[in-house]
Each structure stands twice: as structure tokens, then as C-alpha cells.
Student: 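Before I ask anything, here is the structure I am working with.
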Amino acid sequence: MSNADSGTYEGFTAEERAAMKEHAQERKAAARRSSRADKAAQAERDVLAKIAEMQDSDRIMAERVHAVVTAAAPALAPKLWYGMPSYALDGKVVCFFQSAGKFKTRYATLGFSDRAKLDEGTMWASAFALTEVTAEVEERISALVKQAVG
């Protein structure tokens, strides 16, 4: 990343570097696990532990998102992805929750990767800002997740 005005390299932020380090640790830990069932169980425990570490508002939203995603699409496996709760199909991330606190943003994000089948014409949303997870938001998340894996 360069600054167009000064031509200096700004590099990654401390939060981005921390996320990359977490991702490397996640991959090493996953490679050490023995059976597929052990890996899946530990991955879910890791996601729940990461959610428990979040600030109150992010934690509450992440818990609800986790419950909705796992209920709406049981084929998606929880796993950490760059230190964030994510949900994968055949090992590839389909959707993820990004807390506001992690990157010091004003809202949390529910994002979808290019593996999500959300295609709608020539342009569609792949990330959604979350400030609260209400019953209406839960329904929308459920529908999006079902469509994403559909």
C-alpha cells in the first residue's frame, strides 16, 4: 500500500498484522489435529472461545450470528479465519463475522466469500453492516446463509 501523495509505503496496520499472525497460527493448529471429527470439534471450540473474548456488543451479535448460521446451514463448519468466526463448506469459508472491536470500526460485519451463491445479476452485496441482531435480522441472515450454500 502506498501513499499517492508522498510515495511512501504505509504497510499493514497493527490490526491487519495481528489478523495475519492469527491466521498462520490457526493453520498450524489445524494441521496438528488428528481425526476429522477432532478437527471439527476443536474448530468449533476455537470459534466459541474467540466469540467469548469479544467486547459485549460484538459478543452478543456474534453469539446470535453463530446460532443462526449453524441452525440455517448445518453443512457449514465453524472455524477461525484470520481470528474471526467463520463458516466453511468443504474447508472453504463461505461466510464470516467480523467484530467492530477487532479492526476498530463503528460496526460489525457479516461477510460472504466468493464461494457464497448470492449472485444476483451483475452486482450484489457480499458484506452487511451489523449494529444489532434483532429477530428480523436473524431471519435475513438465515435466508442469506441458506441461499449462500444453496
Student: Just wondering, do Q147 and F112 contact through their side chains at under 4.5 Å, heavy atoms?
Tutor: no
Student: Can you confirm whether more than 12 heavy atoms, excluding those of Y107, are under 6.0 Å from its OH atom?
Tutor: no
Student: Residues in salt bridge (Lys or Arg N to Asp or Glu O under 4.0 Å) with K79, at least two apart?
Tutor: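 In terms of salt bridge (Lys or Arg N to Asp or Glu O under 4.0 Å), with neighbours along the sequence ignored, K79 is linked to no residue.
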Student: Drop me the distance from I51's CD1 to E63's CD, to the nearest 0.5 angstrom.
Tutor: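 It is 7.0 Å, given to the nearest 0.5 Å.
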Student: Pair L76, V69 - check side-chain contact (heavy atoms from CB on, under 4.5 Å), show working.
Tutor: CA-CA 8 Å; L76 292 178; V69 170; 4.0 Å; yes
Student: With a 3.5 Å cut-off and no angle check, do the side chains of D46 and Q42 form a donor-acceptor pair?
Tutor: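 Per modelled atom types, D46 and Q42 side chains form a pair under 3.5 Å.
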Student: How close do A88 and G91 get, heavy atom to heavy atom, and via which atoms?
Tutor: CB-C, 3.9 Å
Student: Return the minimal non-hydrogen interatomic distance between P74 and A71, and the atom names on each side.
Tutor: CD-O, 3.8 Å
Student: Please answer: with hydrophobic residues joined when any side-chain heavy atoms are less than 4.5 Å apart, are L130 and W81 in the same cluster?
Tutor: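 Not linked; separate clusters.
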Student: To the closest 0.5 Å, what do you measure between CD (Q55) and CD1 (I60)?
Tutor: 11.5 Å
Student: So, for V47 and P85, which heavy atoms are closest and what is the spacing to 0.1 Å?
Tutor: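 Looking at all heavy atoms of both residues, the closest pair is CG1-CB, 3.8 Å.
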Student: Could you list the residues that satisfy salt bridge (Lys or Arg N to Asp or Glu O under 4.0 Å) with E22, not counting sequence neighbours?
Tutor: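 Per chain and number, E22 pairs via salt bridge (Lys or Arg N to Asp or Glu O under 4.0 Å) with K50, K102.
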Student: Under the ring pair (Phe, Tyr, Trp, His ring centres under 6.0 Å) test, which residues partner Y87, sequence neighbours left out?
Tutor: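 Partners of Y87 by the ring pair (Phe, Tyr, Trp, His ring centres under 6.0 Å) criterion, ordered by chain and then number, come out as H66.
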Student: For E44, enumerate each residue passing the salt bridge (Lys or Arg N to Asp or Glu O under 4.0 Å) test, keeping only those at least two apart in sequence or located in another chain.
Tutor: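 Salt bridge (Lys or Arg N to Asp or Glu O under 4.0 Å) check on E44 returns nothing, list empty.
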Student: Any sub-3.5 Å donor-acceptor pair from D58's side-chain atoms to A100's backbone N or O?
Tutor: yes
Student: Do F97 and M61 have side-chain heavy atoms sitting under 4.5 Å apart?
Tutor: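 Yes, side chains in contact.
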Student: Is any side-chain heavy atom of L110 closer than 4.5 Å to a side-chain heavy atom of I141?
Tutor: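 Yes; the side chains approach each other to less than 4.5 Å.
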Student: Which heavy-atom pair separates V133 from V65 by the least distance, and what is that distance?
Tutor: CG2-CG2, 4.3 Å
Student: Please find the pair of heavy atoms, one from S142 and one from A72, that lie closest to each other, and give the distance.
Tutor: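 The pair with the smallest heavy-atom distance is OG-CB, 3.4 Å.
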Student: Got a sec, which pairs hit side-chain hydrogen bond (donor to acceptor under 3.5 Å, both in side chains) with one end in residues 114-141, sequence neighbours left out?
Tutor: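 Checked against side-chain hydrogen bond (donor to acceptor under 3.5 Å, both in side chains) - neighbours excluded - the pairs reaching residues 114-141 are R64-E138.
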Student: Side-chain contact test, heavy atoms from C-beta onward, threshold under 4.5 Å: evaluate it for V145 versus V68 and give yes or no.
Tutor: no
Student: Has S86 got a side-chain atom pairing as donor or acceptor with C95's backbone, closer than 3.5 angstrom?
Tutor: no
Student: Around atom CD of E15, are there more than 12 heavy atoms of other residues, nucleotides or ligands at under 6.0 Å?
Tutor: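 Check passes, neighbour count above 12.
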Student: Has E26 got a side-chain atom pairing as donor or acceptor with Y82's backbone, closer than 3.5 angstrom?
Tutor: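 Present.
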Student: Rounded to the nearest 0.5 Å, what separation is found between the CG atom of L144 and the CG atom of L118?
Tutor: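 Reported value, rounded in 0.5 Å steps: 6.0 Å.
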Student: With sequence neighbours left out, what residues match R17 under salt bridge (Lys or Arg N to Asp or Glu O under 4.0 Å)?
Tutor: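 Listed in chain order: nothing, the list is empty.
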